[in-house]
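Below, each value reflects all heavy atoms present in this structure, side chains not excepted, and no hydrogens, waters or symmetry copies. Sequence lines set the chain letters: A, B, ... in the order given, protein chains first and strands last, and positions in each chain run from 1.
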Amino acid sequence: MRRFLSLALLCFLLLGITLNAQAQSTDAASSSTNDAAALELLEALDVESYTAKGEAITAILQSDDERARDWLQALLDGRLQRTEDGRFVLVLENRGRDWPVADVLTGEALGEMSRRDLERIGINNNLRNQLRSAIAVVDLYSLNVERRRTSAERLLGEVDGELVPTLDDLIAQEEDEQVRYRLTQAVAIYRAEAGEMAGVEALDGSLHPRSRVALSRAANGDDPVVANAAAASLSGIEQQLKINRGLETLYFGLSLGSVLVLAAIGLAITFGVMGVINMAHGELMMLGAYTTWAMQQLLPGQPGLALILSIPAGFMVAALAGVAIERGVIQFLKGRPLETLLATFGISLILQQLVRTVISPLNRTVITPEWMSGSLVVNDALSLTLNRMYVLGFALVVFAGLMLIMRRTRLGLEVRAVTQNRAMARSMGIRATRVDIMTFALGSGVAGLAGVALSQLTNVGPNLGQNYIIDSFMVVVFGGVGNLWGTLVAGLSLGVINQVLEPWAGAVLAKIIVLVFIILFIQKRPRGLFPQKGRAAEG
Amino acid sequence: QDDDPIKVGILHSLSGTMAISETVLKDTVEMLIEQQNEAGGLLGRQLEAVVVDPASNWPLFAERARELLAQEEVDVIFGNWTSVSRKAVLPVVEELNGLLFYPVQYEGEESSENVFYTGAAPNQQAIPAVEYLINEVGIERFALVGTDYVYPRTTNRILEAFLKDEHGIAEEDIMVNYTPFGHSDWQNIVAEIRRFGEEGKPTAVISTVNGDANVPFYTELSNQGIDAADIPVIAFSVGEQELTGIDTGPLVGHLAAWNYFMSVDNDDNYDFIDAWIEYTGDDMAVTNDPMEAHYIGFNMWAEAVRKAGTTDVDTVKDAIIGVTVPNLSGGYAAMMPNHHITKPVLIGEIQDNGQFDIVWQTPSTVAGDAWSDYLPGSRDLIADWRKPMECGNFNVVNGSCGGSTAAEEAEAALAE
Amino acid sequence: MLAIEKLNQFYGESHTLWDLDLEVPAGQCTCVMGRNGVGKTTLLKAVMGEVAVKSGELRYTAEAGEIELTKKAVEARSRLGIGYVPQGRQIFPLLTVEENLRTGLAARSDGLKKIPERVYELFPVLKEMKHRRGGDLSGGQQQQLAIGRALVIEPKLLILDEPGEGIQPNIVAQIGQVIRQLINEDGLTVLLVEQKLPFARKYADRFVIMDRGRPVAKGEISELSNELIKQHLTV
Amino acid sequence: MSFLQSLTQRDRVFDFMAPQASPVDVRHGPILYMEDVTVSFDGFKAINNLNLTINDGELRCIIGPNGAGKTTMMDIITGKTRPTSGSVWFGSRHNLLHMNEPDIASLGIGRKFQKPTVFEALSVFENLELAMAADKRIFPTLTARMTGEIKDRIDDVLETIGLTALRHQPAGILSHGQKQWLEIGMLLMQRPRLLLVDEPVAGMTEQEMERTAELLTGLAGKQSVVVVEHDMGFVRSIARQVTVLHQGSVLAEGTMDQVSSDPKVIEVYLGADDEEAA
Amino acid sequence: MSLTTESSTNFWLTRPFSERSTQIFLGVLLAALALVTLLHVAVPPDNPLHVGAYTVNLFGKYLSYALLAVAVDLVWGYLGILSLGHGAFFAIGGYAMGMYLMRQIGDRGTYGHPVLPDFMVFLNWDSLPWFWHGFDMAWFAFAMVLLAPGLLALVFGFLAFRSRVTGVYLSIITQALTFALMLAFFRNEMGFGGNNGLTDFREIVGFDLRSDATRLGLFLATGVALALGYILCRAIVTSKLGRVSVATRDAEARTRFLGYRVERFQLFVFVVSAMLAGLAGALYVPQVGIINPSEFSPIFSIEIVLWVALGGRATLYGAVIGAILVNYAKTIFTGVMPDAWLFALGAMFVLVTVFLPKGVAGLFRYLKRRKREEQTTDPDHQHTSKEASA
Ligand SMILES: Nc1ncnc2c1ncn2[C@@H]1O[C@H](COP(=O)(O)OP(=O)(O)OP(=O)(O)O)[C@@H](O)[C@H]1O
Ligand SMILES: Nc1ncnc2c1ncn2[C@@H]1O[C@H](COP(=O)(O)OP(=O)(O)OP(=O)(O)O)[C@@H](O)[C@H]1O
Ligand SMILES: NC(N)=O
Ligand SMILES: [Mg+2]
Ligand SMILES: [Mg+2]
């Protein structure tokens, strides 16, 4: 399998034609005569045996049909299907019971068909690999730089001796820096594995895993000079990798931390500042997450836009729910903070079951928009996942916003006055009721925002809230109740500690250690990371 | 008396963490009962569902089971998902002599007189899946990733032994990792898997990750760019139901091993799916393996009742061994003397529509093995509930029935 | 300025204020006196609305005319120009001195955003300790803060519950002078609870002596004789 | 300490077996001795090189401007605040800086707080009961009985503080002045060697002030009393020796007449028209 | 708080018996125990009045929850420590009992190993871990039921109280404690059966756990334990120590200035409470037939607090009422309306908090006061009646 790519490339080259050259010379008139041949090619795919299918793929690759790439892509995506009357169709949208289809050969839309009447040309992972390689081969000659980059990348570790001269030619012709670099690297990997000094030298400092595999093979080779050079290269690379791994762990930690911060920051308002032990906080987050889902249902095909709109919408939905909770229950519990625990726990049960009954007990799918998936590649050994980077940034923005509101607006002052001495605050003319509503709405709304962010990382389901409530309280308390900075620092540091511990302790033990750490830390600082100091706090 | 409906207990969590998986099973049994009633009931009597909610709380499972058997006096129970809930219920059904049909794949190492295991035992899922990876895909390196509880632990132990002994896989080519329930931060583990797979050998992940932890797991896999073609993940707990909560686009090609897929091309299956969609009123509703298990279990029980002419537990228990009913994948399921059933093993690849494409299946059905051949303690045990053996853990080496007779003897001694 | 009529107040079952009548004339300082626990603080709280009254009327003369206070919410009362310095200081312990003062801005009708300089002039220690938390201040400093905070409102009616408590003598005298000054120059009305006779004698215009929840003697401050004191204030 | 010792000296292992605190050693005169004490809060020196000696049986008045550090000084003596530097001795045996609040309290230092703090959920009677000098370790407390003698004492104190009628009311409902009295009552129940009284007459009428004065002067001699007060009339009526604190250190010390004619004291504290307040 | 201080001159442990509330409580409890026994044993099964084994078992479970709630109320109601981790002590007591019951299985397990419990054979362990030794002896196991949670509470409490951790900080670290223990017990390496926990019990001190007589016995034993636990707690709260606790709850610092070593009082009460919780767990396990780490889950501990709050904090009998009420409601609701019972339970929590600020016990006291008020309606006598009511 490993060598399939070079094989395919070779056959392809032997034909001595490139598709893009071909594409120009083909005209529409010849397509009908081609259809019979094309049908034959496709027929060959509709067999039981995967080996036979593999051969059929090669045949398609070798044919000079300009639609070959599209067919292969359709096959790869599982959209190449057959109707009962033997027609090959392309499934345009395969969700639900009836799917819209189009004819593969003519491209003519055929309306919707029942999935019962369609039979898919199945592939397995082997064929998938083969297809990818095949497409890559075609793409190596593509005019599109992106496609060339992808296919050059695929060549790493897949090159064999026969291919080297061809690749050297390609390198000479290639204009794009990146494609050239990858192709050079691909050749170097082959050479290093073959024990050639040139290969080893070219791979020095390369962080790509394939290079490392090649170098370690070279290091075990017979020629002591090459082996030594390879070993030296390797140890240099290991050093680099260690640094990269450290950075990666830090990133993991900050990103886990940002999730904790997001989950906790709303609670830092409702619990930390207002003193309401809000057990329904998690369910408010859940509402935010479901809002994202609902948005995506409302705007099918535009997951990104839906996600962006979910930010204000999630805030509003959760904030309104917060207002309802405050008006309906919490206002009657003034001065009885512990009772809020009881009531909000009841509310959280109700909200959970409400979602189960009204929507579904099952998780909902929230789609990650294109621009949020994948990673930002820093180098071959370090890439930062984009969705988490967005979440990290989002958490910081939300934090900064809250900080501004609490520090710079009158609401911040008034809510603190009201919680510290309600009667006196009212005597000073502060509208305590309004302050309560607004603050609770703010805290709840932020929970909603957290839910929007979480929908990109984890399950959107009725249990979402339950999974975060304990952690949230822990972060708020660990940071020091009533201190927003504390929440930020606590969340981020717990995240980092957890991720640093995880590789050597395992996920379960790491969690236990973090909990024990919290217990011991509180012994040292009985009022959290950033305690309220002085007479005032001691009361 | 004879006109009284036959009571069918349904013991699935409708709230709490397991509701996500179990609610549909409750609906499935209710649907099957409805269908049966439309077809005239059983023995001329109507069936009546008795639904309770054990709320994902294990002691509550025991309590509800006792209520079903002692208060409601149901004739049979369909229920449970997690092994721990089954363990909690087991003493109750044994004491009150009930019938329990358990529909979920599990770790084996159990055979009770009163329980019928319609889900897969490890030899009906894990072992064939690994055979597939080695023989068909050419995998040489395995990351065993699971949730930290008994089912993954056992499965992985069996697999480790199997990989080393039968396929000569080296210690360093096996990586094992456990995470807590509901684990949501997979960054480190996925990075570790990625590095594990970058060493040059074809690598696969065998996932016994349970329930809610799967969504963040797969999300992280796709974000860190782990593609099914590079490092395929084969899962034993991810079915169509779980996929409804995941954006499957990036997961295409990852695998699952089950005994049934919704995509099975078979008319019985299409009828079942249509009935299900109609019953739920949801066009998007999916079916999955434990649902099929209940379908088989329900039909087996109905068949046994018909055969016995009564719902009496002891009679049905004897009658059901050997009963064979069609499964949904075009074959037949038979109840074995060890209270496990025969099942085909299917490997499917995830499609971007949330369905599985079946890429491989065992040539014939596999009989469930209550006691694993790969574990030292259980190698010598067999279960056979036919007369005269009537034992769930017969030790073939010393030729005696393990704990059960000892217990009976003690009981007898106490009674005197 | 404020006329109280037939005021009855209960704490649970215990009847604290009994059919209380009281007149607080505008532009004057009325001093309420009485032994511990007779209901002085309760009376002031009833005026502020911090405790609910069972029956009676509180007629307050504001710029807009006469207003029945019992129907007004607490926060509305301060917006009508009533400043309150409660017993026991009741500052916000975790707010800084400055923030404590800023809370008073809520009740101002002119929407002023800055703390009037006059407050700092009167209590320079507050300016010095602007950024310290209120709860960290010494007892006397807190008392000064409480008075300063009430003055931020620029009240028409100032209610003071033992304002001199815990304050050093020269500042007590100064507070007295400021009160007089505000009364004389700005026409402020003051309702004062005070136990210390010298202070009352020096700065109040009228006195009311309370016992068991009702006034038992009242008059011009000059009429406050040792006789009366013996009769009502001795235990 | 050897293992054996640790077994025999079980009072060091199990606190509830420890004997009552050893008596105060006042053979050398002073019962309280503060030397070079400094406290700073984030750089602000609330107490600055304070030196103060209280003799056994003395009644000492301490006055000084708001924020002079009077309350902070009491906080140091009772273990609430740890000084930045300096030493504080109770008698010549007990270094108070090495002890925590309950240890210091059981040595015989009682305190009335500036802001009255009582146990609001407990009745007036129970407040006094808890304050009473008694064995305050766990098991004696658990098995303590209410004897007639104890009841009589509490009744006496209730009489003194004028709260007999409210004895079964929760202390939370008391008026401000009543709480002040209750705190004084708790102090009396405690029978400490040294009483620290922070502003005892705030919110009291002239007559109540006189009663308090009598009470405190009556205690002096048997017990040592330190009074902080801003009411000059009251101070004059009880004071023998007066210490003036200013900015955390002693500004003046002497009899009331000496102090009140001191121009520095007049400037920072009394003000020009002190005669009114007197 | 109507503490009858003056009459309480007798021995501290017998003091509660002179209280009316305790008399009523014990009377009701013993009557209930007797009634259930009678209806179970003497009334034939086909009679509608017959109480079945299922119900007896259910009541036994409620009673052990009630004891647990009493333990929580002791620390929360009277000491002001909101423990969100009491489930840990309950579970540890339960595990101690579970280990004993596992050892009682002997060679009757599925693998027939004479010493090792099934899950150890299954995990391929060759010998019993050290901490399992001794649990084959009833006296040792029963001692551990009290000592193990007591010891954990002692160590944990010692650290926390010494450092003066209070309020939410204390609540959260108790929660962290139980959370950490839950994760630890989930681990198979811990040697407690992992997620599956301990099950399949056969007999207890020689009695078959599956017989109705044993079940009745366990129910009665739990009832007696509840009565004794209640009396002990009552004795503590009516003693001077109880008043010190309340003082600590309201003004911890002030209590220190009176010479009480607050942290030791807290520790004492906390340990007593943990032991009672452990006892409750030990009685719970044989009745429900399983112990698994989910008893350690923080949500369970929060639920316990909810029972207490719902019944009425700081009354003890309120805790009992709350525990029984909530769990009975759960039983009923999950059976009668399996799809919607969370709505009912959630609504119950909300309504009780809003309309019964002092819980169900508060309602009782309110009704009692109303009755008394009706007897003395003369408004002029209000002052005197107030004093008389004290
Ligand atoms: N924790 C603290 N943080 C900052 N400053 C403090 C703190 N505690 C006390 N101070 C300051 O220390 C000074 C001394 O306070 P202290 O309470 O001892 O004064 P005092 O002499 O008792 O005054 P008063 O007569 O007003 O009661 C004050 O200026 C106060 O603001
Ligand atoms: N919350 C309350 N509940 C019940 N009774 C209360 C409450 N607050 C005060 N009281 C009682 O009401 C009476 C009057 O209290 P109030 O505080 O008005 O007295 P006061 O005249 O201000 O006394 P002082 O001079 O001591 O401040 C007192 O007997 C007090 O015990
Ligand atoms: N049996 C299981 N999957 O717990
Ligand atoms: Mg007052
Ligand atoms: Mg002071």
*For the residue pair Pro93(C) and Gln420(A), establish whether any side-chain heavy-atom pair is separated by less than 4.5 Å.*
yes

_chain A contact via Leu95(C) - side chain, backbone, both or neither, heavy atoms under 4.5 Å_ = both

_side-chain contact (heavy atoms from CB on, under 4.5 Å) evaluation trace for Gln90(C) with Met428(A)_ = CA-CA 11 Å; Gln90(C) 311 282 339; Met428(A) 295 307 299; over 6 Å; no

*asked:* Return the OG to CG distance between Ser427(A) and Leu44(C), rounded to the nearest 0.5 Å.
replied: 11.0 Å

*Greater than 12 external heavy atoms within 6.0 Å of Lys334(A)'s NZ*: yes

*Has Arg118(C) got more than 12 heavy atoms of other residues, nucleotides or ligands less than 6.0 Å from its CZ?*
no

_Contact class of Arg77(C) relative to chain A, heavy atoms under 4.5 angstrom_ = neither

*Counting only heavy atoms closer than 4.5 Å, note whether Arg149(C) contacts chain A via side chain, backbone, both or neither.*
both

*In terms of side-chain geometry, is the basic nitrogen of Glu50(C) or Arg426(A) positioned less than 4.0 Å from the acidic oxygen of its partner?*
no

_Can you confirm whether more than 12 heavy atoms, excluding those of Lys72(C), are under 6.0 Å from its NZ atom?_
no

*Met438(A) atom CE: more than 12 heavy-atom contacts under 6.0 Å*: no

*Heavy-atom distances under 4.5 Å only: say whether Arg102(C) touches chain A with side chain, backbone, both or neither.*
both

*Would one find more than 12 heavy atoms of other residues, nucleotides or ligands at under 6.0 Å from atom CD of Glu63(C)?*
no

*Nearest heavy-atom pair of Ala107(C) and Gly429(A): which atoms, and what distance?*
CB-CA, 4.1 Å

_Per-residue contact mode, Leu80(C) against chain A (heavy atom under 4.5 angstrom)_ = neither

*Take atom NZ of Lys196(C) as the centre, draw a 6.0 Å sphere, and report whether it contains more than 12 heavy atoms from other residues, nucleotides or ligands.*
yes

_Candidate pair Phe92(C) and Arg416(A), rule side-chain contact (heavy atoms from CB on, under 4.5 Å), full reasoning_ = CA-CA 8 Å; Phe92(C) 304 109; Arg416(A) 283 182 291 149; over 6 Å; no

*If we only count heavy atoms from C-beta on, is the Leu105(C) to Arg410(A) side-chain gap below 4.5 Å?*
yes

*Give the minimum heavy-atom separation between Glu99(C) and Leu413(A), together with the two atoms involved.*
CB-CD1, 3.4 Å

